[in-house]
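Reminder, nothing fancy here: chain letters follow the sequence lines and each chain counts from 1. Predicted model, so just to flag it, every value in this text is computed and none were measured.
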Protein chains: 2
Amino acid sequence: MSNSNDGNAAKASRLTRADILAAALQLLDEVGLPDLSMRRLAAKLDMQPSGLYWHFENKQTLFARISDHIVDHIQPDRANATDWQTRTLNAACALRDSLLAFRDGAEVVSSTLALGLGAGAALDRIRLPLDEAGIAQPEAKVAAESILFLVLGQVWHLQQRMAADSLGVASPMAQANVAEAHAEPKPDALISGVKLILGGLEKEIRA
Amino acid sequence: MSNSNDGNAAKASRLTRADILAAALQLLDEVGLPDLSMRRLAAKLDMQPSGLYWHFENKQTLFARISDHIVDHIQPDRANATDWQTRTLNAACALRDSLLAFRDGAEVVSSTLALGLGAGAALDRIRLPLDEAGIAQPEAKVAAESILFLVLGQVWHLQQRMAADSLGVASPMAQANVAEAHAEPKPDALISGVKLILGGLEKEIRA
DNA sequence: ACCTGAACACCGTTCAAGT
DNA sequence: ACCTGAACACCGTTCAAGT
């Protein structure tokens, strides 16, 4: 009633950072990362592109906040497993699900992770079970980073192929892989890689 | 003598695909991936941007050829180790060295890998020792992909931080990490992650 | 065959000026 | 405090036309 929201923008009142972020996330879902420009975002909000720069220093920091939102979306582990192996595996799956829940989510998080801006929370989530199990610092760090890169790489790869597929421009080989990925949800593809790392870690801490 | 090459461009004769690729690689080294545009490349070659499109269909395919060049740069394994573990580890290190030899090499290869264009050779190089050791298809595939993502992620992360560092714009935390990376060449950081995967694989094939 | 010239439809960002 | 308007310095790509 008080705040009627016509399809695209809330015109009446002034905008807050959260409004812009919400619009950005919606636009990301609609057009994908390559077409998520400051100008399109401004148009969606019925404002001038320059207006965005009062709320965010630049495009990069806006994207860092989007990345934070994706990472904060990671579900807590309800399974309450006792062993650190399955707890870590669950954390990896939860991260994967969060990335998959947003179009081009893996690339968004990867970019800001590399700049050291956000996304450290993702690493912490994977490290938590390892630290709580009392695994030594260097081993836990290496294992957690490896799992993070593995999940990001796998999901990023998958999402890029999905994007290429939706445009109809992809090599036959890639097409087949996407078809295969669609045919079976196959969470195994990711899980088995993480299991290798966990197996290696288990072996190492016994030595 | 016959072909005097002034610093920037070979003006006299017409250009071949190889000339353009060489210039692109040089420009990549000079300005980095974000500033490697078709227009700058054309300027370096003393030609119009549109002229590039006679040689390459678009920017993406040109970048795929750059990626091929980086991946083809992977050195063969001279160590002649007998066990598949160290042979795979050597392949991973050789890939890492190739990526590091080119500015933003990891991101270039990652991009084209995702599109299914090139970079499959990198995966094959890692898979070779596993296949030759007679490791079953699904396990070898998962392990090789995991190692590939691990190396790409680690080097990409490092190179992004190097880029941010050279611009002087980076969070203090990221700065510290780059400083740390510069202080010790530390090939261990990569190697130990791969070792975890190999340890897990070794364990699995014995079961 | 190989490339120019001009155009089209875009970008991110800055900054004075408005309200 | 929050945003507009106009400008600056760029993009990738197409396509007729030149040589």
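- Ion pairing between A/Arg87 and A/Glu132 holds under the 4.0 Å rule for side-chain N and carboxylate O.
- Between B/Leu52 atom CG and C/dC2 atom C1' the separation is 12 Å, expressed in whole Å.
- Counting to the nearest Å, the C1' atom of D/dC2 and the CG atom of A/Leu45 are 14 Å from each other.
- Comparing D/dC11, D/dC3, C/dC3 against the side chain of A/Met47 picks out D/dC3 as the nearest.
- Salt-bridge formation is not detected for the pair B/Asp124/B/Arg127: no Lys NZ or Arg NE/NH1/NH2 atom is positioned less than 4.0 Å from an Asp or Glu carboxylate oxygen.
- Rounded to an integer number of Å, the gap from CZ of A/Arg17 to P of D/dA1 is 12 Å.
- Spacing between C/dA9 and D/dA9 at atom P, rounded to whole Å, works out to 23 Å.
- To the nearest angstrom, P of C/dC11 lies 13 Å from CG of A/Leu33.
- Regarding contacts with the backbone of D/dC3, a side-chain N or O of A/His55 is found under 4.0 angstrom from either OP1 or OP2.
- A residue-by-residue look at A/Ile20 and B/Asp35 shows that A/Ile20 has its nearest nucleotide of DNA chain D further toward the 5' end.
- Taking the side chain of B/Arg39 as heavy atoms from C-beta on, and the options C/dG12, D/dC3, C/dA7, the nearest nucleotide is C/dA7.
- The side chain of A/Gln48 lies closest to D/dG5, out of D/dG5, D/dT13, D/dA1.
- If you take CZ of B/Phe56 and P of D/dT13, they are 13 Å apart, rounded to a whole angstrom.
- Of the candidate nucleotides D/dT14, D/dC11, C/dA1, C/dA1 has the atom lying nearest to any side-chain atom of B/Trp54.
- In this structure, C/dC8 forms a base pair with D/dG12, meeting either the Watson-Crick or the G-U wobble geometry with both donor-acceptor distances under 3.5 Å.
- Across D/dT13, D/dC3, C/dA1, the shortest atom-to-atom separation from the side chain of B/Arg14 is found for C/dA1.
- A straight line from NZ of B/Lys59 to C1' of C/dC10 spans 14 Å, rounded to a whole angstrom.
- In this structure, A/Asn58 places its CG atom 14 Å from P of C/dC15, rounding to the nearest Å.
- Closest non-hydrogen pair, A/Phe102 versus A/Gln159, comes out as O-NE2, 3.1 Å.
- Rounded to whole Å, the distance from OH on A/Tyr53 to P on D/dC8 is 18 Å.
- Contact between A/Leu198 and A/Gln85 at its shortest, heavy atoms only, is CD1-O, 3.4 Å.
- Taking 3.5 Å as the limit, the base of D/dG12 and the side chain of B/Ser37 contain no donor-acceptor pair of atoms between them.
- Comparing A/Leu36 and A/Gly51 by the nucleotide of DNA chain C whose heavy atom lies nearest to each, the residue mapping closer to the 5' end is A/Leu36.
- Comparing D/dC8 with C/dC10, their C1' atoms sit 15 Å apart, to the nearest whole Å.
- Of all non-hydrogen atoms in A/Leu95 and A/Ala122, the two that sit nearest each other are CD1-CB, 4.2 Å.
- Across every strand in view, C/dC3 sits unpaired, with no contact that passes the Watson-Crick or G-U test at under 3.5 angstrom.
- Nearer to the 5' terminus of DNA chain C, by closest-nucleotide assignment, is the contact made by A/Arg40 (compared with the other of A/Ser50 and A/Arg40).
- When each of B/Lys44, B/Arg103, B/Arg40 is checked for a side-chain hydrogen bond (donor to acceptor under 3.5 Å, both in side chains) with B/Glu30, only B/Lys44 meets the rule.
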